[in-house]
Every structure is written in structure tokens, then in C-alpha cells.
Amino acid sequence: MNIARVIVDVPASSTNQTFDYVIPEKFQEMLTVGMRVIVPFGPRKIMGFVVERVSESSFNKLKGIIDVLDFTPVLTEELLELGKWVANETLSLSITALQAMLPQVLKSTYEKELVRMTEEQLPEVFEHLFAGRGFIPFKEFEASSISYYQLQKLIEAGDISIDYLVKSRITKKHVSMVKPTKDMHLLEEALLDLSKNAKKQKLLLQFFIEHENPIEQQELLKKVGTTTSTVKALVDRGLLATFQQEVMRDPYENREFERTTPLVLTKQQREAIIPINEAIEADKHDVFLIHGVTGSGKTEIYLQAIQEVLNKGQEAIVLVPEISLTPQMVNRFKGRFGSEVAVMHSALSAGEKYDEWRKVQRKEVKVVVGARSAVFAPFENLGIIIIDEEHETTYKQEDQPRYHARDVAIHRGQTNSCPVILGSATPALESYARATKGVYRLATLSERTNQMDMPKVDIIDMRKELHAGNRTMFSRDLMEKMEQCLEKGEQIVLMLNRRGYSTFIMCRDCGHVKECPHCDIALTYHKNSNQMKCHYCSYEEPVPVVCPECESDLIRYFGTGTQRVEEALTKLLPEAEVIRMDVDTTRRKGSHEKLLKQFAEKKADILLGTQMIAKGLDFENVTLVGVLTADSMLHLPDFRSSEKTFQLLTQVSGRAGRHELPGTVIVQTYTPEHYSIELASEYDFQSFYKREMSMRKAFQYPPYYFLALVTVSHENQVKAVQTTQQIVQVLSQHVGNTTVLLGPTPSPIPRIKDRYRYQCMIKYRNEPDLRTYLNKIKTIFADDVRKNDLLITVDMQPYHMM
DNA sequence: AGCACGCCGACT
DNA sequence: GTCGGCGTGCTC
């Protein structure tokens, strides 16, 4: 078994296979599957994952592994298998699937260097370039005006060589430690030898005579009340030594978590948890869907089920949508399970993420609470996977590998024979349909634990407001209720559903909208820099003074951004303090949390924000929730827009009156008669489900049909259309007659970065070999892709049609 | 991907 | 003769 099969870090279809390498003697014993290695690949050195150890290879001249990067495998055998499955399922490359399971810092970066091999005089230009150094970054050569040919000659002559470096992004955090170097009695002797003036040094020695263990320098200095120079003096005398020790970053280290104990469950909660506990006991895989209204105590069920799993000595993964991974959520898990919990979300620095991941790898924790990618946590004795807010679209990764965390979770649940819990107040139609069919087991929690009714929802027809002469973005009802709220000292949450809207620039005279010259999309206005930016290609230009079309100076920015609402609010309710939460105010790390804390401490009356405020927040003093534009995403070209609207409205309504104070919700809309708005206001999931299902059936959408989306992009529009047409043709020869092929159709954004984008949508009910056909297409066009800069992407079960 | 190799055409 | 610019095939 002295040969390793390696998946190399070269994301290309032609290298999407294992490569065999000889394992040098010194690595024979320690190298196991799942470790990262550095291997020669052509003239380069690259990183790769060992996926198998074998004793024979069909390949003749094997090269050897250069280095092994890990002492503990970064991928367990289960995860290697899972990687294969993900790659196959999502039609992505093996290396991409494997990389997706690891924290970013474990990715390798590559650099080239020029190494001087001779002391003899090099040509003038090279002497100048090296400037006395033994090696230089290759980039410096590229930046110089020296020709490649000249370099080639020197390389051939052996005067210069190229070195390929594989670097790691890992940054381990270290602290300075201090320890005594001599025995106790020697320290005591030294103490007597010190001069009378060296008071601080004496104190330090005294300290180590009492505590002989190494101590963090910072802590030592504080305890003894001295500075590094004193420590240094003793180090110079050979009595003490300083060294660096690695520490784990703990993003929550300075936080106290109030320990909580299990709550008494309601009847409905008990009924829901019994079958889950049975599955845990029996090591049986099953998918449970908990459909529970907001405030029905889903989280308590999760906590108690996890406790059951921990009691068995097993581990738990909890997935939460990024956006609701709020301090409140983290508190609940940290409060119950303390240091057994690792938290993984995007607000952590790369280093912190790595450390949290290592806590799992080193078995220092038993529970992971995290966003999508936490589904790959390297536990080896998994007892349960929980997906909260399972309907959230953030569980679908939008770049390669385009996996859905729910599917991965269920697959891991099968291999680990453990239960998977999906929880939501508004389950995804797909999930609910499976639950009704008995594929998943359904538990319904219809009562809130505090017995309070859901807040009353008033729908306001904004067309009538307009007719009545109200041209502001606040209806008369909302204004009145806000004023009442402020008088009583209660708080307000205002949500602006910005999806589908953005601040763009439009000419009031001719209606001209400023678009990106490289993408078919309106440029967005950025107030702070006074620039127009493209969100797709980061093209930028200053805001025009006059309309480029008609030269009118009536060119303004448009759209209802949170900034504009804030401005309007301060005009209409000057006494109200407003906290604005959107991408602009929450970009900085921790600012999200800070703003929420301020609001919780009642430092503001109104919390104004985008969707990000709809989830997971729980403020006792909030009695009014206003949705400014409920229908803004209803008209998007997305078959899930009704579902998303229903979910969002239900979610945001749950923010009001969660405690003693009764709550009101005001929903402003231009389409009050739309069923998703009407039924959300009545909290009628069942009717919505039936209604939406019949729509999906009629229009052949999930859950009745599966989808696959093939997108083709090319600089040349004709080429893009033609290729898509060819793809449709090839597919039509293979697929069954119940399968629908749509296309070529332009993508919702038909051009990005000067590339035209066309797509083909496949709607199917039963196509067991579809992946084979799609792979075949990839092979057919592989040449075209490489030679003609064609791009073909496949998205199985797409969530965004772009 | 990224590198070498080879062929071609432009330029001194 | 000297260079750089692509197109092509290969990487254990």
C-alpha cells in the first residue's frame, strides 16, 4: 500500500480524477486517507487530498509525494465519500466538493519564485532585478520589462531556476508565555543574589517560586505589576525563558452565558419529541418536519433532542440560516450546553472559523451551531442533524458546488443512521409535500408556549392611500399607530423588503435609467462615495449631472432604499430615534449585534431594516411591526415569489407582541388581494399550501417537477444562443416524453461582464439518468469550453434562475 | 488551471 | 536571427 491516490487542486474537468503517487518511506506509516499532501504536477507543486491508499498503479512512472501537510486527516472517510456524492449530485468537480467541506484557511495558495543558482555575474537586467537577493517573487520579473526569452536562456544555462511554492493561509494565534528555566532552589538562590534595587525582578522570581508553571506574559505582568523589560532582564540572566504558545481563538470568550435548564414541554411539544427520541435511541434514520408557529417552542425541542444525543455520547449539528444566527440564538445553545458548542458563521474571521472547526476535529465540542457549511462538520459519531428555518433559501449554495444543505444533511443522516429534524413556521413546499406523503414524519405545533394569540395583521391598500392624496411611503394607519406607540414608549420594527428594488438613477424627463455598460442591469447609487456601481462586475462611474440621453438635469436617484425611508421618518416623526439596519450599516464585524443590542436596550424607538430583521429577533417591547412594501418581490420572475412573500410576512409578523404586550402588524401593499398576502395575514398555512400547490401543479414546478438549469455564457450572443440550442437538441434525444425542455431563453440578467447568458430549463418528474446526459453534454462541449471561452454551468434544483 | 512546446508572423 | 503570440496537449 505504498501508493496514494490523490485528488489534485486543479479545478478543471480534465483533471477531475485521481492521480497516483509513490509514498516515500518516511511518510509510509503516518500517511492516511483524508490528509493533504504536496505533490509534483507537471513542472509545478500543488496541494492534493489523499483519497485512497493502494499497492498497485496502472501508471508506469510514478512521482513521489513531496510533503504531507497534516498529521491528522482533515477529512474523515465519511466526508470523502460525502464529497464524492456531492460532486456527483451537483455535477461539480471532486476538488471543489472537497474544498467546500473545509474552512477557507486550509486552502492552498501558490506562488512562484526565481532562484539565483550562480554567484557568477548575470546579465545586467537580472542583477538589477535580483538586487543582491538570492530569490525574488516571480511577480517582480513579470512587472519588469525583461523578456521571457532571456529568462528561458538563463534557466537552460542553470543560472536561474523556478521554485513553486505551496503556501497555506493558516494563521495560528500565538501568545507569549514565560516559564522558569531552573529548579525551585536555584531560583531561591538567585533571589538572594539579586541586587537590592531590583525589586521588580525579585517580585517576579518570587512569583515563579510560588507558581512554577508557565504563564501567559500579559497575565504575569498584570499580576506582578511590571513590564517586559524586567522579564527580559531575568531572561538574560538565564533564569526565565519566554516562548510562543498557540492559542485557540474563542469569539465568545469574554461572554457570560446564563446556564439554562430544560423547560417543561407543552403537550404538543412532548408529542413531537417522543418519536424523535425513539429514533435517537434506536439509531434510526428518519426525517422529521416540525411545523410550528413562531413562539411554539421549536428550539426547546431541538435542545432536548440534542441533550438526548449527548447522553448517548454522540454529536449534533444544528444549521441556522446565516441571518438568524443572532446572539440570541447562540445564547440559547451556549446557555444549555456551554463549552460543548462550537459556532460557525460568516461574521467570524477566517482564523476564528478555523479554530471553531478544529474544536470539532479535535473532539473538544459535541455540538456545532452554524450556517450552511456547518453541515460538513467533521464529527465521527453523529447523532442528530437539525435544520432550523428549513425553508430558507440560504441553505442552497449559489456557487460551485451548488449543494443544498438539506439534501446533504439527509444524506449524512442516512449514512450515520441518525434522525434529521427540519423545523419551520412556514415549511418549504417541497418539505411539506413530502411530509404529507409520509416520506418525512410531520409534527405540528399550533400553539404558542405563552398561549398568546398571534398578533393581528392589518392589510393596507396603498392604492387607496394614493387616491386619498397620501404620497408618502407610510399609510395613514401606520402613521397613526406609530405615533400611538411612541407616546406609550413602545418600540416599532419597520421592514422594507428591498429585494427587487435598489437605488438606481432615473431621468424624470425621459425615463432613462443608467445601466452598466458591461451588464444588462441598472447601476446602483452609492450615497457615501457619490458613485454609480454595478453589483455584478464592480464597474463604477460618478453620478451624472445631466441625463446622458436628453441632457435634462432632472436626473435623480430612485427606489426605496432604507436611507430614504430613514430620511422620511426623521421628517415625519422628528422625535423618534431610528436605528437603520441594512448591508451598509452592518458591513463591519459585530455591528449587526451592536445595533440589535442598542435596540434591545431601548436606545431607539424604531428599528428600520431589510429582510435581515425579519428573523429570530425577540424584543419584548416591540408592539408594532410595519411592512412597507409587502409585494416588492411578488413580481419577480421566480416561481417561488409567492412562497417567499408568504414566508417573509409570516416571519416578520412573529416579531410583534412576543411577550406580555399585545402586538399589531401593518402590511402595506399594492396587491392586497394576492393570496400570499391575504393568507399570511390570517396565518393560514394550510390554505396557502393548497393554493400554491395547485399553482405549482398547473405550471409544472416543484414539488411536482424537479428542475435543472443549464446556463451558457459567451461573449458572442449568437454563439451563446446556438450552443444552448444544441444542448436542448441533445437533451431532447435522451429525456422522456413527460420531461419539459425550455429554451434557449435569455437569463434574467441577459448579460454580465460583457458575456451573453442563455439558459435551458429542464423540468422532469422521473429522469434517473439525467446526470449522465448532463455530463455527456459537458464532455461534448468540453473542447468548445476550453478553446472558445464558452462557459456552461449546471444547477440542479436551482433557487435563483440567474 | 497553468505550463511547455511548437508553429507562425513581425520586427530588427 | 530574435522575439512574442497564440493554439494544443498534458499533468500520476
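Heavy-atom basis, side chains included; hydrogens, waters and symmetry copies ignored. Residue numbers start from 1 in every chain, and the chains themselves are labelled A, B, ... in the order their sequence lines are given, proteins ahead of strands. Computed from a predicted structure; not experimentally measured.
Checked for salt-bridge contact, A:R116 and A:E127 meet the test: a charged N lies under 4.0 Å from a carboxylate O. Note on A:E541 versus A:K514: salt bridge recorded, some NZ/NE/NH1/NH2 to OD/OE distance being below 4.0 Å. Salt-bridge check for A:K107 with A:D9: failed, with every basic side-chain N at 4.0 Å or more from each acidic carboxylate O. The pair A:D789-A:R755 counts as a salt bridge, with a side-chain nitrogen and a carboxylate oxygen less than 4.0 angstrom apart. A salt bridge links A:R751 with A:D754; the closest basic N to acidic carboxylate O contact falls under 4.0 Å.
Taking only side-chain atoms of A:P43, from C-beta outward, the nucleotide of B:dC3, B:dA1, C:dC3 with the closest atom is B:dC3. Closest to the side chain of A:Y164, from the set B:dC3, C:dT8, C:dC12, is B:dC3.
Under the 6.0 Å cut-off for aromatic ring centres, A:Y705 and A:F639 do not qualify, their centroids lying 6.0 Å or more apart.
Judged by atom type and distance alone, A:R786 reaches the base of C:dG9 through a side-chain donor-acceptor pair under 3.5 Å. Side chain A:S14 to base C:dT11: a donor-acceptor pair is found below 3.5 Å.
In this structure, A:F19 does not pack face-to-face on the six-membered ring of C:dC12, missing the 5.5 Å centre cutoff or the 30° plane limit.
Between A:I66 and A:P40, the closest side-chain pair of non-hydrogen atoms falls below 4.5 Å.
If you check every strand for non-hydrogen atoms under 4.0 Å, A:Y21 touches sugar and phosphate atoms only. In this structure, A:T15 reaches the bases: a heavy-atom distance under 4.0 Å links it to at least one base atom across the strands shown.
When rounded to the nearest whole Å, the span between CZ of A:F41 and P of B:dC3 equals 12 Å. Whole-Å rounding puts the A:E52 CD to C:dC12 C1' distance at 14 Å. Across the protein-nucleic acid pair, A:L151 atom CG and B:dA4 atom P stand 10 Å apart, rounded to whole Å. Rounded to an integer number of Å, the gap from A:I155 CD1 to B:dC3 P is 11 Å. Rounded to whole Å, the distance from CE on A:M47 to P on C:dT11 is 21 Å. The distance between atom OH of A:Y149 and atom P of C:dT2, rounded to the nearest whole Å, is 6 Å. Summarising the geometry, the separation between OH on A:Y148 and P on B:dC3 is reported as 9 Å, rounded to the nearest angstrom. At whole-Å resolution of the value, NZ in A:K112 and P in B:dG2 are 9 Å apart.
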Item to check | nucleotides 6-12 of chain B: protein proximity per nucleotide (B base, S sugar-phosphate only, - neither; heavy atom, under 4.0 Å) | outcome: -------
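Nearest-nucleotide assignment on DNA chain B puts the 5′-proximal partner with A:R44, out of A:Q152 and A:R44.
The shortest distance between the side-chain N/O atoms of A:K63 and the OP1/OP2 oxygens of C:dC12 is below 4.0 Å.
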